Amino acid sequence: MAQPQMRKPVEYFLDNKKYLHPKFAANYGNWKTHDRPRPGVLHHISNTGDQVWSVRAGTQRQMDVHTIRLLCDIADKFAEGRVRFTIRSNIEYILSEESKVAPLIAELEKNGFPVGGTGNSVSMVAHTQGWLHCDIPGTDASGVVKSMMDVLYDEFKNEDMPNRVRLSTSCCEINCGGQADIAVIIQHTKPPKINHDLVANVCERPAVVARCPVAAIRPALVNGKPSLEVDEKKCICCGACYPPCPPMQINDPEHSKLAIWVGGKNSNARSKPTFHKMVASGLPNNAPRWPEVNEVVKRILMAYKADARPWERMADWIDRIGWPRFFEKTDLPFTKYMIDDWRGSRYNLNASAHVRF
Amino acid sequence: MAQPQMRKPVEYFLDNKKYLHPKFAANYGNWKTHDRPRPGVLHHISNTGDQVWSVRAGTQRQMDVHTIRLLCDIADKFAEGRVRFTIRSNIEYILSEESKVAPLIAELEKNGFPVGGTGNSVSMVAHTQGWLHCDIPGTDASGVVKSMMDVLYDEFKNEDMPNRVRLSTSCCEINCGGQADIAVIIQHTKPPKINHDLVANVCERPAVVARCPVAAIRPALVNGKPSLEVDEKKCICCGACYPPCPPMQINDPEHSKLAIWVGGKNSNARSKPTFHKMVASGLPNNAPRWPEVNEVVKRILMAYKADARPWERMADWIDRIGWPRFFEKTDLPFTKYMIDDWRGSRYNLNASAHVRF
Amino acid sequence: MAKQPHATPMLDQLETGPWPSFVTGLKRLAKDKDYVVDLLGHLEHSYTTRKGYWKGGTVGVFGYGGGVIPRFTEIKNEKGEPTFKDAAEFHTIRIMPPPGMHYDTDTLRKFCDIWEKHGSGLIALHGQSGDIMLQGCTTENVQKAWDEINEMGFDMGGAGPAVRTAMSCVGAARCEQSCYDEAQAHQKIVNQFLDDIHRPALPYKFKFKFSGCGNDCMNAIQRADMAVIGTWRDNIKTDDALGKKWFAKHGMNELVNDVIGMCPTRALQIKDTKDVRKDAHVSAVALNDSQSLEIDNKDCVRCMHCLNVMTGALNVGNDKGATILVGGHSHLKIGATMGTVVVPFISLKKDEDYEQLVELAQTMIDFFAENALEHERTGEMIERIGLVNFLEGVGLEVDANMVTNPRMNPYVRTDGWDEEVAKINAKKKAAA
Amino acid sequence: MAKQPHATPMLDQLETGPWPSFVTGLKRLAKDKDYVVDLLGHLEHSYTTRKGYWKGGTVGVFGYGGGVIPRFTEIKNEKGEPTFKDAAEFHTIRIMPPPGMHYDTDTLRKFCDIWEKHGSGLIALHGQSGDIMLQGCTTENVQKAWDEINEMGFDMGGAGPAVRTAMSCVGAARCEQSCYDEAQAHQKIVNQFLDDIHRPALPYKFKFKFSGCGNDCMNAIQRADMAVIGTWRDNIKTDDALGKKWFAKHGMNELVNDVIGMCPTRALQIKDTKDVRKDAHVSAVALNDSQSLEIDNKDCVRCMHCLNVMTGALNVGNDKGATILVGGHSHLKIGATMGTVVVPFISLKKDEDYEQLVELAQTMIDFFAENALEHERTGEMIERIGLVNFLEGVGLEVDANMVTNPRMNPYVRTDGWDEEVAKINAKKKAAA
Ligand code: SRM
Ligand code: SRM
Ligand code: SRM
Ligand code: SRM
Ligand code: SF4
Ligand code: SF4
Ligand code: SF4
Ligand code: SF4
Ligand code: SF4
Ligand code: SF4
Ligand code: SF4
Ligand code: SF4
């Protein structure tokens with residue numbers, strides 16, 4: 001079957017040695033300490049006495065080649081032609097000399113790349129695909145991120161938070177954006193509308209039935225053709241049926257809302273890692289700038305900023321003050337939808353007389 | 001149908017006013033503080049300045065009338081004819097005068113009732129029915145309690161523990177004895193043996209089938225008669241089928257073992273309440289004195305006594321030192337059976353990089 | 001004089017050792033009662049073979065459907081005759097104790113007399129559900145004993161799928177931590193449900209327990225379908241004289257390690273007395289002439305720990321009442337559940353407050369009766385239907401105090417979000 | 001020059017504001033590419049109607065079964081012709097980045113050139129799984145672009161039911177907290193599974209992530225089926241000079257509130273230097289000439305907090321390696337799961353150690369391939385079969401570090417207890 005003219009791929013996963021900044025290579029595994037001379041700048045010192053300054057700048061992640069070439073030009077000029085990207089799509093320039101820090105920052109900012117995202121700042125939002133590319137999105141990703149970072153621009157450039165703040169957005173309930181201090185995620189509120197004409201051709205029906213977490217889907221004959229039926233009483237509108245069966249339309253301009261979750265934490269520092277928790281929902285999918293979402297995000301951030309103690313992450317802060325006061329301080333309503341009823345829900349109920357007034 | 005000669009019951013639940021010690025009645029809801037002048041004695045002071053001394057003594061709970069009358073005689077002599085019993089079947093005498101404390105204690109101990117069980121002592125074991133009366137026990141209760149309290153006699157009479165210690169025993173997995181700092185509970189290790197001849201007459205078969213937590217029982221025809229069948233691969237030997245269907249013999253002199261559980265806590269003091277956790281099993285049902293069980297109980301208690309900080313209950317102590325060190329310090333093997341696989345088990349797995357070495 | 005005792009080499013070993021021996025007690029009774037002679041033989045047989053030999057059956061008293069636990073021997077010879085024939089029946093009668101388990105000796109002696117006459121003479125004070133358990137009676141004598149007990153003013157306890165005997169702590173009678181009148185709550189609720197206690201007709205058992213504070217001396221949270229646990233809404237009360245006394249005796253290290261360091265929510269701090277905050281939700285107790293222990297009562301979760309350690313120097317507040325938790329039970333068939341908060345605070349000061357508590361209990365029982373499956377406890381039912389459905393069913397409002405964490409999964413249908421928020425806002429407005 | 005742009009009033013609003021705008025970037029590309037002109041029209045249509053319009057399909061490269069995410073437009077006129085015909089196909093190619101995402105500009109420029117030629121010119125650095133995402137390509141051009149990229153020395157990332165692209169933190173390259181060579185682990189494991197990456201044949205996706213310490217900058221615990229998180233077994237290393245420097249700058253209050261008070265296990269205490277315990281498991285750092293911060297390393301759970309705050313004064317130990325956690329995934333279909341500990345410590349110092357890590361990964365994948373149901377992640381599989389069955393399947397020994405709590409329910413079959421204990425004791429003996 002192989003077409004002879006086709007090139008066979010070379011399968012090999014490269015190491016990163018040749019890409020490392022020379023100082024990184026020389027001091028590999030031998031660093032001693034670091035500090036942050038200013039927001040956006042990390043200063044690492046190795047056991048040999050070597051020093052490097054890393055300057056971090058925000059990007060739009062979804063970059064055109066012109067933007068990338070511009071970033072490369074800057075790297076060639078200041079940073080020995082080496083860069084790295086962080087998990088949050090920030091770019092990092094590595095400098096061997098402190099004297100280059102200020103000029104590099106000036107150059108970046110001149111070109112519209114904000115320097116920051118280090119330490120106790122709000123870093124770039126973890127980003128997904130949305131309308132730009134995904135086949136199942138209820139909203140956009142890049143546009144949501146852009147509108148959020150515009151609002152949080154100063155919080156990116158400064159280190160004024162009690163501890164680092166990590167945000168994510170996700171354009172469907174699958175949550176490719178991941179757990180975060182504050183996460184914005186689509187939350188559907190109506191069961192899928194089924195386009196029965198297409199089901200027979202497009203969907204592997206047993207697979208879809210198996211995919212539903214609450215067993216709300218069953219095979220059915222509709223207009224004499226094999227299709228599917230949803231028990232709307234059972235359906236929790238999660239959208240899990242939609243990827244394997246696109247005729248099960250879950251997205252709706254009106255009824256696909258946005259929910260906000262807080263207190264996700266991946267690091268093991270102090271408390272154990274935790275998942276984020278739902279604290280608001282029902283926000284409109286208001287492209288192109290989602291002001292209602294950003295207002296709530298900002299409100300939560302400001303409450304945290306005002307009240308948390310140094311080093312308390314969002315989750316640690318709420319752990320101390322308690323959920324009743326979280327809702328008080330953020331002026332968000334605690335609704336019945338926030339009371340867990342999924343598997344293991346008993347672990348999330350207050351099984352104690354620890355109560356706050 | 002009513003037999004005319006039969007007396008109709010008077011249905012009314014009494015208040016306790018007439019039974020209260022006069023000082024209790026006079027200071028009802030108006031107490032200010034207390035201290036413990038010595039083990040076994042509580043000294044309460046009311047807002048009016050009134051004082052009472054309560055002297056606590058151990059009993060065998062399952063008492064013959066002669067024992068009760070003896071306790072009454074003592075109450076008449078020292079305590080204005082009033083007593084109360086605690087949740088742990090200890091008797092309390094209430095004295096209006098401090099001068100009566102010492103003579104009362106002497107009288108109690110002379111008659112074989114140990115004075116203690118207050119404060120940071122090991123109080124009486126919560127007690128169930130066992131072979132004496134229950135229809136489903138795998139072991140005895142009163143005898144187990146007696147043998148444990150003989151071993152822990154000094155710990156009852158003194159207040160040498162970091163905090164109070166509550167024990168319980170239960171003669172089947174149902175655990176009427178409840179959650180405790182240390183609990184001793186029957187743990188069956190083999191599926192029930194079915195006496196098929198009896199099933200048809202004695203068991204409501206759908207009820208039994210419904211009672212099994214792992215759906216291991218199904219109706220079956222055995223020798224042409226309706227009976228039941230157990231999927232021995234699924235069966236977790238819990239014995240839940242036995243009460244509704246006695247022909248499903250779960251008790252076995254050899255294979256019904258004893259397990260030990262630690263860290264149950266009902267109080268909300270400091271940490272939230274928690275369930276006890278399995279830390280040992282496979283101990284023989286060695287009547288009449290269960291020495292193997294008592295040895296492990298004692299070992300755990302001594303490790304706790306040596307290592308816990310003041311006010312740490314068993315659960316608080318383990319929380320601080322961690323499970324790996326608990327097993328080290330008590331020299332108990334951590335076996336695979338202790339890793340939860342029941343509903344919500346993920347909440348009991350270590351979902352963090354918090355690890356101890 | 002009773003008949004010749006059986007040899008009981010196993011049980012005899014339980015007469016040694018310092019703890020009071022139930023075997024010695026039984027032997028005392030056996031002196032006069034063939035019944036107990038055979039009971040000892042029966043028990044010795046269990047000890048020897050390591051098996052139990054009682055089976056259930058149906059025995060009751062006139063007018064009631066429960067409260068007696070019948071036991072018939074299964075130790076029989078080839079002909080099917082009981083080996084220990086005088087103890088062939090060994091039923092227990094469960095009697096509800098006075099709240100707080102207070103007695104006068106007169107009452108106890110009357111129980112002894114009745115039980116010596118009609119029963120074995122063995123009484124357990126008390127069962128784990130709080131009953132006075134009169135243990136060991138023939139079918140014939142059950143009614144006789146019961147009639148006399150009922151005449152004394154005592155009533156039968158629960159058994160089977162019924163409301164069960166309740167328990168309350170010593171509480172207000174002797175304890176400075178008590179936040180409500182446990183006995184009154186206990187009495188009123190039991191009186192409300194006498195019918196449900198005596199005529200088992202619920203899906204399964206339902207238990208009430210009353211603890212005056214979060215120390216929960218009744219283990220209510222883990223053993224009661226409805227646990228009433230005392231608490232308060234205002235500030236912890238402080239007594240400077242007792243504060244100083246405590247500090248003089250225990251010192252700074254103990255204060256830091258045993259009190260401040262153990263508060264679960266970091267609500268406590270040492271302050272120079274002059275620096276103590278003046279906020280309405282802050283209280284403080286003097287430690288010496290210059291330092292105080294400051295309590296941020298907004299951070300406090302009423303765990304009781306600091307009040308336990310510094311008793312008298314710190315006391316529960318004035319705005320007292322209780323937290324209500326629902327769903328505690330042992331582990332059949334989903335694993336043990338604890339009660340979880342369904343009412344963060346109910347005021348329990350006036351008589352009307354207690355009536356409200358009773359009404360709430362009635363609503364819960366009604367909902368349970370209608371919605372639980374057979375042999376399903378409240379905790380299991382709530383796990384099955386979800387807490388919110390339960391709350392709506394019994395007409396309670398959601399509150400963030402009901403959760404350790406809001407949901408961590410998106411598996412929820414939120415169509416009603418806007419109306420829900422509108423309702424909450426309307427309420428807030430009305431309250432403001 | 002490309003064709004006339006569509007009106008994009010919605011998207012235009014995303015060109016205002018200070019953050020770099022992807023719309024501006026797209027418009028820059030649209031100047032030369034009809035492809036991107038129509039992409040902007042396509043996206044504007046989504047913004048207007050608030051719906052997505054891409055559907056999947058099958059597009060790949062020769063020799064591989066995955067790695068390309070195909071997208072075909074669903075915006076069509078009545079005749080079924082694409083409204084935005086130049087952007088009717090908009091596939092993404094996923095390319096695995098170097099460990100730690102380090103680049104030289106030469107490499108980045110080559111990517112730009114290739115993608116400008118064959119694709120849209122839009123590149124995401126990086127995807128949430130770490131891929132270089134070359135976004136926007138026609139079916140026809142996918143192979144051409146791929147051939148050039150592969151020639152550069154880069155290989156395709158994962159998609160579908162396959163081992164996925166992995167991620168590793170900057171770690172040893174720049175970070176003093178790094179406990180192992182993340183890049184080496186990353187590279188060796190990916191090389192082991194190239195076939196499973198390129199030819200999807202697993203029950204579902206399987207992800208690896210490598211973080212050099214418990215700070216877990218790769219979010220491995222929540223997003224990786226197998227998370228390798230650095231840790232150490234011996235004592236925290238201390239540097240008195242940097243300790244004093246830290247203390248001089250930050251003072252006692254910060255030490256107490258921000259360091260000691262925040263240690264999750266109370267492993268830290270202030271001591272007069274002369275009173276510091278001499279135990280082998282205790283380390284200490286000087287704060288000034290008389291006081292020290294004492295660390296009981298037996299109580300320490302390697303949470304990283306104190307090392308984060310007092311960087312350089314406290315450093316990870318010498319006996320380095322990693323904890324391995326398995327089962328992290330998003331919430332399909334049982335709710336999100338975190339990875340849980342399956343190997344408390346694996347030494348990662350010598351090359352052989354890394355081989356052992358690779359072997360272990362292979363065993364896990366094999367077990368997953370054989371035992372998971374279709375579309376079931378490791379976390380779901382473990383929940384279904386129980387952790388112990390998983391451990392036995394992959395040949396790992398149980399350890400108390402794997403649990404937050406031992407079981408709280410008796411629902412377990414313990415027939416094998418004695419043999420189990422005998423095995424454990426034999427091992428202990430052998431080790432002693
Ligand atoms: C560059 C980067 C790793 C990479 O390979 O890309 C990185 C680098 C460092 N991290 Fe991180 N972290 C990076 C993502 C993360 C993430 C993941 C994320 O952002 O999604 C986490 C987990 C967040 C969470 O819990 O959900 C993370 C949790 C930490 C922590 C723990 C914080 C805490 O207290 O919970 C530290 C410790 C600290 O702050 O000293 C840390 C510390 C550090 C240090 C100080 C390590 C060092 O000694 O060099 C680095 C500089 C941090 C800074 O920004 O000031 N890093 N760090 C990532 C930068 C992301 C960005 O551009 O914003
Ligand atoms: C008499 C009794 C209540 C009753 O109505 O019967 C009672 C009475 C008191 N309890 Fe209790 N507790 C009694 C059973 C309990 C129980 C339940 C149990 O034993 O099964 C608990 C829950 C145990 C658990 O968590 O599983 C209990 C948890 C407490 C605590 C919390 C201890 C902790 O730190 O976790 C306190 C607070 C304290 O010790 O100061 C407390 C405090 C007290 C005080 C000091 C209250 C007071 O101010 O008067 C009383 C004297 C305690 C003493 O023994 O020194 N009581 N207390 C019970 C005596 C039982 C016995 O004979 O041993
Ligand atoms: C007598 C007593 C033990 C004792 O010696 O103190 C007892 C004895 C029995 N219990 Fe219990 N339970 C006793 C308190 C408890 C408690 C404690 C409590 O009430 O606070 C519990 C745990 C709390 C709870 O309700 O969950 C308890 C949880 C059970 C269960 C498991 C219930 C569950 O939902 O998991 C059963 C089994 C059942 O109901 O089917 C049970 C069943 C039984 C039965 C009826 C066995 C049976 O199903 O045939 C036992 C009768 C023994 C007998 O011969 O008298 N017993 N049982 C306690 C009642 C005495 C009293 O009335 O005062
Ligand atoms: C592209 C990316 C978002 C982004 O813009 O960065 C993405 C995009 C998609 N994800 Fe994702 N996921 C991406 C990282 C993640 C992550 C984060 C990670 O890998 O660390 C997660 C959470 C971790 C995890 O694996 O659980 C994630 C959890 C999912 C899930 C839910 C999996 C689950 O077990 O719960 C699905 C649905 C599925 O697999 O059926 C999914 C499915 C998808 C699909 C394939 C949608 C679908 O089923 O048709 C999306 C394709 C979009 C597109 O058009 O390219 N994506 N997805 C990320 C991959 C880029 C890359 O290769 O670097
Ligand atoms: S979150 Fe959903 S819509 Fe967004 S990229 Fe992931 S799978 Fe697609
Ligand atoms: S939306 Fe979710 S719950 Fe509803 S039918 Fe689809 S998969 Fe099932
Ligand atoms: S624990 Fe079991 S055997 Fe013991 S009294 Fe309770 S039900 Fe009977
Ligand atoms: S012992 Fe338990 S698991 Fe086994 S058949 Fe009986 S009820 Fe089911
Ligand atoms: S529960 Fe509280 S009020 Fe009741 S006796 Fe115990 S400490 Fe006192
Ligand atoms: S009662 Fe309140 S202040 Fe006191 S220790 Fe408990 S939570 Fe802290
Ligand atoms: S995970 Fe640890 S080692 Fe890796 S970059 Fe983050 S802090 Fe450094
Ligand atoms: S690293 Fe260890 S000592 Fe330091 S804060 Fe964490 S647990 Fe405590």
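No experiment lies behind these values; they were computed from the predicted model shown. Here is how names work: the chains are called A, B, and so on, in the same order as the sequence lines, proteins then strands, and each is numbered from 1.
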| query | When only pairs under 4.5 Å are counted, which of P191(B), S345(B), C238(B), G322(B) shares the most heavy-atom pairs with chain D? | reply | P191(B)
| field | Side chain / backbone / both / neither for H255(B) at chain D, heavy atoms under 4.5 Å | value | neither
| note | One option among P324(B), P333(B), A259(B), C237(B) has the most heavy-atom pairs under 4.5 Å with chain D, and it is P324(B)
| Donor-acceptor contact below 3.5 Å, side chain W417(D) vs main chain S281(B) | yes
| query | Is a side-chain donor-acceptor pair under 3.5 Å present for N401(D) with N350(B)? | reply | no
| Salt-bridge present (E312(B), R266(D); N to O < 4.0 Å) | yes
| query | Distance from H354(B) atom NE2 to T323(D) atom OG1, nearest 0.5 Å? | reply | 10.5 Å
| remark: Assert top hit (heavy-atom pairs under 4.5 Å, partner chain D, pool H276(B), Q179(B), K257(B)) equals H276(B)
| query | Relative to chain D, which segment of P213(B) carries a heavy atom at a distance below 4.5 Å: side chain, backbone, both, or neither? | reply | side chain
| task | State, with a plain yes or no, whether a side-chain heavy atom of T335(B) is found less than 4.5 Å away from one of I424(D). | result | yes
| message | Is there a side-chain contact (heavy atoms from CB on, under 4.5 Å) between Y337(B) and E420(D)? Walk through the geometry before answering. | response | CA-CA 9 Å; Y337(B) 304 108; E420(D) 204 58 25; 4.0 Å; yes
| note | Ranked by heavy-atom pairs below 4.5 Å to chain B, first place among G386(D), G379(D), P410(D), G230(D) goes to P410(D)
| request: Give a yes or no answer on whether the side chain of T404(D) reaches the backbone of L349(B) with a donor-acceptor pair at less than 3.5 Å. | output: yes
| message | Heavy-atom cut-off 4.5 Å, strictly under: side chain, backbone, both or neither for Q222(D) against chain B? | response | neither
| With respect to chain B, which residue among T337(D), N425(D), N389(D), D399(D) yields the maximal number of heavy-atom pairs within a distance under 4.5 Å? | D399(D)
| Euclidean distance, N405(D) CG relative to T274(B) OG1, rounded to 0.5 Å | 7.5 Å
| remark: Value for CG (N175(B)) from CG (N409(D)), rounded to nearest 0.5 Å, stands at 11.5 Å
| said: Show, in sequence, the C-alpha distance, side-chain angles and deciding distance for F334(B) and V398(D), and conclude whether the side-chain contact (heavy atoms from CB on, under 4.5 Å) test is met. | reply: CA-CA 8 Å; F334(B) 178 82; V398(D) 302; 4.1 Å; yes
| message | Whether the side chain of R413(D) engages the backbone of E232(B) through a donor-acceptor N/O pair (distance < 3.5 Å, no angle test) should be reported. | response | yes
| Contact class of R325(B) relative to chain D, heavy atoms under 4.5 angstrom | side chain
| task | Against chain B, label T414(D) side chain, backbone, both or neither, depending on which of its atoms sit under 4.5 Å from a heavy atom there. | result | both
| Smallest separation among heavy atoms of I334(D) and R346(B), with atom names | O-NH2, 2.9 Å
| remark: Shortest non-hydrogen pair, I339(B) vs R407(D), comes out as O-NH2, 3.1 Å
| query | Got a second to check how far M402(D)'s CE is from D340(B)'s CG, nearest 0.5 Å? | reply | 15.0 Å
| task | Select one option (side chain, backbone, both, neither) describing which atoms of W261(B) are under 4.5 Å from chain D's heavy atoms. | result | side chain
| message | Using a 6.0 Å cut-off, check whether atom CD of E397(D) has over 12 heavy atoms from anything other than its own residue. | response | no
| query | Pick from G416(D), P406(D), A220(D): which one has the most heavy-atom pairs with chain B under 4.5 Å? | reply | P406(D)
| message | Please identify, among S352(B), A240(B), G264(B), G263(B), the residue contributing the most non-hydrogen atom pairs under 4.5 Å to chain D. | response | S352(B)
| query | So which heavy atom on I229(D) is nearest to which on A353(B), and how close? | reply | CG2-CB, 4.0 Å
| Among T231(D), I382(D), V403(D), which has the most heavy-atom pairs under 4.5 Å with chain B? | V403(D)
| task | Give, as side chain, backbone, both or neither, the part of I385(D) having an atom under 4.5 angstrom from any heavy atom of chain B. | result | neither
| Atom group of F327(B) that falls short of 4.5 Å from chain D, counting heavy atoms | side chain
| request: Could you note down all residue pairs passing salt bridge (charged side-chain N to carboxylate O under 4.0 Å, His left out) where residues 259-271 of chain B supplies at least one of them, sequence neighbours left out? | output: R270(B)-D316(B)
| query | Based on non-hydrogen pairs under 4.5 Å, which of F275(B), F326(B), Y347(B) is most in contact with chain D? | reply | F275(B)
| remark: When rounded to the nearest 0.5 Å, the distance separating CG of D234(D) from CZ of F357(B) is 10.0 Å
| task | Kindly say whether V412(D) contributes a backbone atom to a donor-acceptor pair with the side chain of Q187(B) at under 3.5 angstrom? | result | yes
| query | Which residues, numbered in order, of residues 297-304 of chain D come under 4.5 angstrom of chain B by heavy-atom distance? | reply | N297(D), K298(D), D299(D), C300(D), V301(D), R302(D), C303(D)
| task | Might you work through the side-chain contact (heavy atoms from CB on, under 4.5 Å) test for M408(D) and M278(B), ending with a clear yes or no? | result | CA-CA 6 Å; M408(D) 305 192 206; M278(B) 184 192 273; over 6 Å; no
| query | What part of T265(D) gets closer than 4.5 Å to chain B, counting heavy atoms only: side chain, backbone, both or neither? | reply | both
| query | Any salt bridge between D331(B) and K428(D), counting N to O under 4.0 Å? | reply | yes
